[in-house]
Protein chains: 2
Amino acid sequence: MKAKSLPSKTGLFPALPLDQVIVGDCIAAIEALPPASVDMVFADPPYNLQLGGDLRRPDDSLVDAVDDDWDKFASFAEYDAFTRAWLSACRRVLKPDGALWVIGSYHNIFRVGSILQDLGFWMLNDIVWRKANPMPNFRGRRFTNAHETLIWAARGESSKYTFHYEALKGGNDDLQMRSDWYLPLCTGDERLKDEAGVKVHPTQKPEALLARVMLSASNPGDVVLDPFFGTGTTGAVAKALGRRFIGIEREQSYARAARARIDAVEPLPPAAFATAPSKRTEPRVAFLSLVEAGLVKAGERVFDVKRRHEALIRADGTLLLDPVVGSIHKVGALAQGLPACNGWTFWHVERDGAPVLLDSLRGEIRAQMAAA
Amino acid sequence: MKAKSLPSKTGLFPALPLDQVIVGDCIAAIEALPPASVDMVFADPPYNLQLGGDLRRPDDSLVDAVDDDWDKFASFAEYDAFTRAWLSACRRVLKPDGALWVIGSYHNIFRVGSILQDLGFWMLNDIVWRKANPMPNFRGRRFTNAHETLIWAARGESSKYTFHYEALKGGNDDLQMRSDWYLPLCTGDERLKDEAGVKVHPTQKPEALLARVMLSASNPGDVVLDPFFGTGTTGAVAKALGRRFIGIEREQSYARAARARIDAVEPLPPAAFATAPSKRTEPRVAFLSLVEAGLVKAGERVFDVKRRHEALIRADGTLLLDPVVGSIHKVGALAQGLPACNGWTFWHVERDGAPVLLDSLRGEIRAQMAAA
DNA sequence: GAAATTCGTGAATCGGACC
DNA sequence: AGGTCCGATTCACGAATTT
């Protein structure tokens with residue numbers, strides 16, 4: 001990695017430590033940087049998860065939770081003070097036309113978003129990272145927590161921020177890029193592991209996510225500051241895409257792993273690194289979607305091709321075959337006394353006096369989704 | 001529509017105005033309700049949009065933006081004070097095990113989320129409503145704003161909130177429902193229009209969204225309060241799904257439209273929305289009952305699916321795995337060296353040469369109980 | 001060697017009835 | 001209010017292992 005520093009103009013601040021990882025407290029480190037010197041901030045701050053006891057999977061294995069010291073805060077007030085401090089520091093070093101990205105979950109993102117508005121940042125979008133493979137909800141007590149939220153905000157209301165509209169559109173089948181992004185978690189070879197095969201950092205982000213951020217909202221040569229550098233995904237992607245980075249990380253071990261990782265990155269010609277395409281599998285359709293779309297009605301009856309079996313459609317997308325309630329598949333299997341059944345190709349509804357297979361109604365929903 | 005009021009117990013508050021639309025300021029109206037009287041709140045508050053000038057499409061037509069007086073706030077502080085007031089009022093009237101849903105966009109949802117955390121609400125999920133057909137970003141200066149965010153929060157950390165996990169899973173191809181929901185906007189016949197064909201309300205929400213909320217997190221007969229009733233989507237869906245509602249709306253014209261709309265709603269047949277029995281709600285059966293009913297015999301042997309472990313049934317409904325005596329769960333856990341075990345789904349008995357799970361024998365007992 | 005099966009794991013605020 | 005114990009609960013993907 002080529003380390004380079006820009007000369008300081010005033011002498012009050014040291015030169016800009018480009019393409020380097022600074023080990024230390026992020027607030028102090030940012031305050032040591034000259035004002036208006038950075039084009040973009042990408043921040044992945046602690047989420048303040050507030051976990052209770054252990055969580056076990058149905059197979060009784062233990063979930064490896066984020067219980068690191070750096071994610072412990074005594075109260076919302078303490079977390080807010082911390083958030084205000086690093087966001088203020090970032091705002092000072094941002095150029096007038098610069099912008100900030102921050103990622104979080106429902107535990108912290110509302111605090112971060114409010115404070116950033118209070119500080120004068122101008123919100124441009126909130127972006128939803130839809131996870132292709134999220135961890136399930138093992139106890140069945142909530143919806144699967146299948147996304148995280150990013151906020152994209154300009155330094156101020158009048159900032160002339162960077163946005164590569166045409167590039168994003170071209171990488172998205174000539175459709176405008178939406179605010180919901182579907183990307184897999186960071187796994188496999190991309191996930192940093194130590195000699196023992198243990199993950200180096202509990203929350204390493206996928207490079208595709210950072211790449212989409214930088215490609216859409218920064219220019220080659222831009223300086224990207226990451227105050228919570230971790231194992232350096234921001235640095236690795238910045239180097240690959242011809243951006244400069246400044247990384248700040250409190251933990252020596254993370255910083256060391258980040259440096260080694262970034263050294264191994266081979267820069268790409270930006271044209272070669274198009275926006276990561278989202279996986280093109282046929283979208284799964286919930287039977288509930290057919291109810292919601294009005295293609296079938298709650299209270300209506302479904303039946304098999306020989307009209308030997310019949311069931312009632314319920315408003316929640318289950319079927320009732322008295323007294324059993326279950327999915328189209330489960331109830332189809334039950335009706336036939338079989339261990340399994342594909343409800344899409346078993347059940348029909350009546351349309352204009354003729355039976356119509358659920359599967360063909362599913363096709364209509366898929367056509368709508370493809371058009372969107 | 002049948003309007004009904006529950007009698008007030010104390011006389012301090014008037015009776016609960018069920019299935020009615022109250023015209024007036026929402027905070028005053030909520031404060032007139034008795035405490036701990038409502039099962040769920042659904043709120044679609046003003047978004048504080050902060051639009052600048054007019055917005056025009058590429059063909060120079062004017063976008064009909066939200067510029068109503070009710071969405072005007074002088075500052076974040078004023079919006080926060082308003083938000084704190086209505087959220088506090090809602091929290092007072094929520095039952096201890098009640099929950100609140102609120103929907104918003106990046107303009108306001110971070111303020112709302114922070115404040116509800118500050119007030120003691122306990123966040124359960126943030127839900128992303130992915131719009132099938134969002135309005136494009138005409139200027140091409142940002143990502144298409146293709147989603148809105150809902151927050152689902154219990155009244156407090158220890159609230160025993162309602163969640164119909166199995167129903168949602170059944171309507172979703174037997175997979176857990178995720179936190180990202182894909183639904184179309186409210187358009188077509190569902191969108192209320194006046195005689196001139198102009199939409200009555202600028203932000204009418206789709207009924208499918210409300211239906212999914214109520215089906216997942218309320219029970220038939222529950223009371224749902226909507227402090228920003230608008231044209232009454234909450235009321236229409238509540239009536240269809242056998243819930244009760246209390247609507248509060250400031251604008252007489254919206255309230256009038258809502259009443260007419262709800263009057264025209266035909267409730268679904270109860271079987272289409274009745275809460276399906278889940279394992280958690282089914283009556284508890286003692287293993288001793290199986291012995292007493294003769295479904296298993298004292299002295300008979302139970303074994304696991306791979307016949308690696310075996311134990312003896314005792315007349316008192318315990319198992320003997322020499323030298324230990326204990327419940328089917330304890331002995332199952334002990335046999336496997338695990339901290340816990342569900343004996344119902346672990347142990348089998350032999351019937352006609354084939355292994356039969358205790359859980360299926362329990363099903364027979366339950367069927368007998370239901371028939372009796 | 002190819003295909004099928006098993007195993008490991010990811011930012012998680014993940015009971016409740018009864019005594 | 002606190003302790004005890006019943007018994008309900010997982011999806012996608014990649015890697016490793018077996019057939």
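First the proteins, then the strands, lettered A, B, ... as listed; each starts at 1. Please read these numbers as outputs of a predicted model, since none were measured by experiment.
Interface limits on DNA chain C: the 5'-most and 3'-most nucleotides within less than 4.0 Å of chain B heavy atoms are dT13(C) to dG16(C).
Base engagement by T203(A) is indicated by at least one non-hydrogen atom pair under 4.0 Å involving a base atom. At the heavy-atom level, E157(B) lies nowhere under 4.0 Å from the strands shown. Using a 4.0 Å heavy-atom criterion, one finds that K169(B) contacts the sugar-phosphate atoms exclusively. W129(A) comes within contact range of no nucleotide atom at all, as no heavy-atom separation falls under 4.0 Å. Within the 4.0 angstrom heavy-atom criterion, only backbone atoms of the sugar-phosphate kind lie near S327(B); the bases stay farther away. At a threshold of 4.0 angstrom between heavy atoms, the contacts of G53(A) include nucleobase atoms, whether or not backbone atoms are also involved. Contacts of D71(A) with the nucleic acid, taken as non-hydrogen atoms under 4.0 Å apart, include base atoms. Base engagement by L55(A) is indicated by at least one non-hydrogen atom pair under 4.0 Å involving a base atom. In this structure, P45(A) reaches the bases: a heavy-atom distance under 4.0 Å links it to at least one base atom across the strands shown.
If you check residues 136-144 of chain A against DNA chain D, the residues with a heavy atom closer than 4.0 Å are P136(A), N137(A), F138(A), R139(A), listed by number. Within residues 276-284 of chain B, no residue approaches DNA chain C, by heavy-atom distance under 4.0 Å.
For the pair N219(B) (side chain) and D222(B) (backbone), a donor-acceptor distance under 3.5 Å is absent. Remark: side-chain polar atoms of W129(A) are paired, donor with acceptor, to backbone N or O of L183(A) under 3.5 angstrom. Without hydrogens or angle criteria, D25(A) side chain to I27(A) main chain gives a donor-acceptor distance under 3.5 Å. Judged by distance alone, with hydrogens and angles left aside, the side-chain atoms of K169(B) form no donor-acceptor pair with the main-chain N or O of H164(B) at under 3.5 Å. A distance-only check finds a donor-acceptor pair linking the side chain of E249(A) to the backbone of G230(A) [under 3.5 Å].
The CG atom of N172(B) sits 13 Å away from the P atom of dT10(D) (whole-angstrom rounding). Between L168(B) atom CG and dC11(D) atom P the separation is 13 Å, expressed in whole Å. At whole-Å resolution of the value, CG in L338(B) and C1' in dT9(D) are 15 Å apart. What separates CG of D174(B) from P of dT9(D) is a distance of 12 Å, to the nearest Å. Following rounding to the nearest Å, D59(A) (CG) and dA8(D) (C1') show an atom-to-atom distance of 14 Å. Whole-Å rounding puts the I328(B) CD1 to dG7(D) P distance at 6 Å. Atoms CD (Q336(B)) and C1' (dG7(D)) sit 13 Å apart, rounded to a whole Å. Note: CG (N342(B)) to C1' (dC5(D)) measures 13 Å, nearest angstrom.
For residues 133-150 of chain A, the pairs satisfying salt bridge (Lys or Arg N to Asp or Glu O under 4.0 Å) are K131(A)-E148(A), with sequence neighbours left out. Screening residues 187-210 of chain A for ring pair (Phe, Tyr, Trp, His ring centres under 6.0 Å), with sequence neighbours left out, gives W70(A)-H201(A), H201(A)-Y254(A). Applying the side-chain hydrogen bond (donor to acceptor under 3.5 Å, both in side chains) rule to pairs touching residues 317-338 of chain B yields R314(B)-T318(B), D316(B)-T318(B), sequence neighbours excluded.
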side-chain hydrogen bond (donor to acceptor under 3.5 Å, both in side chains) evaluation trace for D126(A) with H147(B): CA-CA 9 Å; D126(A) 59 336; H147(B) 74 276; 3.0 Å; yes
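Atom C1' of dC6(D) sits at a distance of 24 Å from the matching atom of dA12(C), rounded to the whole Å. Rounded to the nearest Å, the gap between the C1' atom of dG15(C) and that of dC11(D) is 22 Å. Remark: the separation of the P atoms in dT13(C) and dA17(C) is 22 Å, to the nearest Å. Taking atom P on both nucleotides, dC14(C) is separated from dC18(C) by 23 Å, rounded to a whole Å. Only the P atoms considered, dT9(D) is 25 Å distant from dA11(C), to the nearest whole Å. dT10(D) and dC7(C) have their C1' atoms separated by 14 Å, given to the nearest Å.
Under the side-chain hydrogen bond (donor to acceptor under 3.5 Å, both in side chains) criterion, D226(A) pairs with T234(A), sequence neighbours left out. Taking the ring pair (Phe, Tyr, Trp, His ring centres under 6.0 Å) definition, one finds that F163(B) meets it with F143(A), W152(B), sequence neighbours left out. In terms of the ring pair (Phe, Tyr, Trp, His ring centres under 6.0 Å) criterion, residue partners of Y79(A) (sequence neighbours excluded) are, by chain and number, F73(A). For A257(A), the side-chain contact (heavy atoms from CB on, under 4.5 Å) criterion is met by L192(A), V200(A), T231(A), not counting sequence neighbours. With sequence neighbours excluded, the residues forming a ring pair (Phe, Tyr, Trp, His ring centres under 6.0 Å) with F229(A) are F245(A), listed by chain and number.
Between R56(A) and N133(A), the residue anchored nearer the 5' end of DNA chain D, judged by the nucleotide with its closest heavy atom, is R56(A). Both P134(A) and Q50(A) sit near DNA chain C, but only P134(A) has its closest nucleotide nearer the 5' end. Comparing D189(A) and P58(A) by the nucleotide of DNA chain D that holds the closest heavy atom to each, the one mapping nearer the 5' end is P58(A).
For the atom pair W101(B) CH2 and S218(B) OG, the distance stands at 10.0 Å (nearest 0.5 Å).
In this entry the base of dT13(C) is syn relative to its sugar, with a glycosidic angle within 90° of 0.
W86(A) has its ring centre less than 6.0 Å from the ring centre of F228(A).
Within the 4.0 Å cut-off from OP1 or OP2 of dA12(D), not a single side-chain nitrogen or oxygen of R130(A) is found. H329(B) has no side-chain polar atom (N or O) that falls below the 4.0 Å cut-off from OP1 or OP2 of dC6(D).
In secondary-structure terms, DNA chain D builds stems of at least 3 consecutive Watson-Crick or G-U pairs, each pair having both distances under 3.5 Å, at C:2-10 with D:11-19, C:15-19 with D:2-6.
Considering only heavy atoms from C-beta on, E166(B) stays 4.5 Å or farther from K279(B) through its side chain.
The side chain of R362(B) has dA8(D) as its nearest neighbour among dG7(D), dT10(D), dA8(D).
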